[in-house]
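To start, the structure under review is shown below, and the notes come after it.
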Amino acid sequence: MNRSERPVLVVIAHGSRDPRHAATVHALVERVRDLRPGLRVETGFLDFNIPSVQGVLESLAAEGVRDVVALPLLLTRAFHAKSDIPAVLREAPSRLRIRQAEVLGPSPLLTAALERRLYEAGLAPADKSRTGVVLASAGSTDPEAIAVIAEIAREWRHTGWCAVRPAFASASLPRTEDAVRELRALGCERVAVAPYVLAPGFLPDRIARGAAGADVLGDVLGPAPEVARVLLDRYDGARTPSLSAIGA
C-alpha cells in the first residue's frame with residue numbers, strides 16, 4: 001500500500017501549559033515517523049496547545065484526505081478516551097472517515113519502557129530482586145483506569161522485583177511518598193519510582209516530589225522506542241475492517 005492509501009495517523013494529546021509537555025509529545029511523534037517513514041503522522045491537542053484536534057482534522061479534510069486513525073495519547077481508558085475525544089471526533093468534517101484507536105496501555109512494551117527508564121536512571125539489572133518499585137501514575141476517578149494500574153503493578157511484580165506498588169498523583173490513593181514508605185517497611189533494600197506518565201507537567205512533577213525518599217527516580221516514558229512501537233501497534237489495529245468508523 002502506498003502512502004496516499006494509508007489512513008493518516010492523528011495523535012491526540014491532552015496538552016499542557018508546561019512547554020515540556022508539547023516538546024515531549026512532538027519528540028515521540030518524530031520517533032514514530034522515523035520507525036515508519038511512509039506514514040503521515042499529525043498531532044493535535046485537546047487543550048492549551050496548538051494545533052487543536054479540530055484544526056488538524058479540518059486541515060486534513062480541506063486537503064482531500066479521506067481516512068484517519070485518531071489515536072488517544074493516553075495510558076488508560078478514562079474520561080478523555082471515553083468522552084472527550086469521541087465528542088471532538090463527532091464534530092469533525094463529515095467527509096472524513098475516522099477510526100478511534102485504542103489507548104496505549106496496558107502493554108508489555110510499556111512495561112519494558114518503564115524498566116528502560118529505571119536503568120537509565122542508574123538502577124542495575126542485578127538490583128532487581130532487592131528493589132521495590134512504585135508504579136506512579138497521574139491518577140483518575142475512573143474505577144476501570146485505577147484497576148488497570150493495579151493489575152499492571154501485580155503483573156510487573158512477577159518479573160523479579162522485590163515488590164511493586166501502585167501510586168497516584170491525584171484523585172486516588174496512595175500517593176507516591178506513601179508507597180515509598182510502604183516498600184521501605186516491607187524490607188526492600190532499594191526503592192525506585194517509575195512514573196507511568198508520557199510527558200512532563202504538573203502531576204509528573206508531583207510524582208517527582210513524592211519520590212524524594214526513593215533511591216532511584218525514572219524519567220517519564222516520553223519518546224522511548226517502546227512507546228513509539230505501541231503507537232504503531234494501535235494504529236495498525238485500528239485499520240482492521242472489523243472496527244467501525246466514526247463519521248461518513
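Atom set for the values below is all heavy atoms of this structure, side chains included, hydrogens, waters and symmetry mates excluded.
Across all their heavy atoms, Arg206 and Ala169 have their closest contact at NH1-O, 2.7 Å. The shortest non-hydrogen separation linking Ala153 to Leu135 is N-CD2, 3.8 Å. Considering every non-hydrogen atom in both Ala121 and Gly218, the closest pair reads CB-CA, 4.2 Å. Closest of all the heavy-atom pairs between Arg234 and Leu104 is NH2-O, 2.8 Å. Between Leu35 and Pro225, the shortest heavy-atom contact is CD1-O, 4.4 Å. Nearest heavy-atom pair, Gly44 versus Val56, reported as atom, atom and distance to 0.1 Å: CA-CG2, 4.0 Å.
Residues Val164 and Ile152 are members of one and the same hydrophobic cluster, defined by side-chain heavy-atom contacts under 4.5 angstrom among Ile, Leu, Val, Met, Phe, Trp and Tyr. Note: the hydrophobic cluster containing Val216 does not contain Val134 (ILVMFWY, side chain heavy atoms under 4.5 Å, direct or indirect links). One hydrophobic cluster, built from ILVMFWY side chains closer than 4.5 Å, cannot hold both Val220 and Ile149; they sit in different ones. Following chains of ILVMFWY side-chain contacts shorter than 4.5 Å, one cannot reach Leu110 starting from Leu217, and the two form parts of different hydrophobic clusters. Under the 4.5 Å side-chain heavy-atom criterion for Ile, Leu, Val, Met, Phe, Trp and Tyr, Val227 and Leu203 are members of distinct hydrophobic clusters.
Contact of the Arg239 side chain with the Arg99 side chain is not registered, since no non-hydrogen atoms from C-beta on lie closer than 4.5 Å. For the pair Val103/Thr76, no side-chain contact is recorded, criterion being any heavy-atom separation below 4.5 Å from C-beta on. Residues Leu183 and Thr131 have side chains not in contact (no heavy-atom distance under 4.5 Å, counting atoms from C-beta outward). Contact of the Tyr235 side chain with the Leu39 side chain is registered, since non-hydrogen atoms from C-beta on lie closer than 4.5 Å. A heavy-atom distance below 4.5 Å is not found between the side chains of Ile12 and Val88. Side-chain atoms of Leu221 and Leu75, non-hydrogen and from C-beta on, do get closer than 4.5 Å to each other. Between Arg36 and Val32 the shortest side-chain heavy-atom distance does not fall below 4.5 Å. Residues Leu46 and Val53 are in side-chain contact: their nearest non-hydrogen atoms beyond the backbone lie under 4.5 Å apart.
Within the structure, ring-ring contact (aromatic ring centres under 6.0 Å, His included) pairs that include any residue of residues 24-43 comprise His26-Phe45 (at least two apart or interchain). The list of ring-ring contact (aromatic ring centres under 6.0 Å, His included) pairs with a residue in residues 121-158, not counting sequence neighbours, reads Trp156-Trp161. The salt bridge (charged side-chain N to carboxylate O under 4.0 Å, His left out) analysis of residues 166-178, with sequence neighbours excluded, yields the pairs Asp178-Arg181.
The distance from the OG atom of Ser137 to the CD1 atom of Ile207 is 6.5 Å, given to the nearest 0.5 Å. For the atom pair CG (Leu118) and CG (Asp219), the distance works out to 10.5 Å, reported to the nearest 0.5 Å. To the nearest 0.5 Å, atoms CZ (Arg165) and OG1 (Thr176) are separated by 14.5 Å. The CG atom of Leu9 sits 8.0 Å away from atom OG1 of Thr43, with the distance rounded to the nearest 0.5 Å. A distance of 8.0 Å separates CD in Glu102 from CD in Gln100, rounded to the nearest 0.5 Å.
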Stepwise side chain to side chain contact (heavy atoms under 4.5 Å, CB included) test for Leu60 and Arg40: CA-CA 11 Å; Leu60 291 173; Arg40 180 175 178 181; 3.5 Å; yes
Decide side chain to side chain contact (heavy atoms under 4.5 Å, CB included) for Val41 and Leu231; before the verdict, give the C-alpha distance in whole Å, the side-chain angles of both, and the deciding distance to 0.1 Å. CA-CA 11 Å; Val41 188; Leu231 264 70; over 6 Å; no
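Between Lys128 and the choices Thr159, Leu123, Val133, the side chain to side chain contact (heavy atoms under 4.5 Å, CB included) rule is met once, by Thr159.
Side-chain N or O atoms of Ser129 include none that pairs as donor or acceptor with a backbone N or O of Gly160 at under 3.5 Å. Here the side chain of Gln54 pairs a donor or acceptor atom with the backbone of Glu91 at under 3.5 angstrom.
Among residues two or more places apart in sequence or in another chain, the side chain to side chain contact (heavy atoms under 4.5 Å, CB included) test is passed with Glu151 by Arg154, Glu155. Here Asp233 pairs with Leu109 under the side chain to side chain contact (heavy atoms under 4.5 Å, CB included) rule; sequence neighbours left out. Every residue two or more places apart in sequence or in another chain was checked for a side chain to side chain contact (heavy atoms under 4.5 Å, CB included) with Asp34, and none qualifies. Considering only residues two or more places apart in sequence or on other chains, Phe48 meets the side chain to side chain contact (heavy atoms under 4.5 Å, CB included) condition with His14, Arg17. In this view, Asp142 and Lys82 satisfy the salt bridge (charged side-chain N to carboxylate O under 4.0 Å, His left out) rule, not counting sequence neighbours. Contacts of Asp205 classified as salt bridge (charged side-chain N to carboxylate O under 4.0 Å, His left out), with partners at least two apart in sequence or in another chain: Arg20. With sequence neighbours excluded, the residues forming a salt bridge (charged side-chain N to carboxylate O under 4.0 Å, His left out) with Arg117 are Glu120, listed by chain and number. In this structure Glu226 satisfies the salt bridge (charged side-chain N to carboxylate O under 4.0 Å, His left out) test together with Arg116, sequence neighbours excluded.
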For residues 185-201, please give each side-chain donor-acceptor pair under 3.5 Å, one per line with the distance, not counting sequence neighbours.
from, atom 1, to, atom 2, distance (Å)
Glu189, OE1, Arg130, NH1, 3.3
Arg190, NH1, Asp127, OD2, 3.0

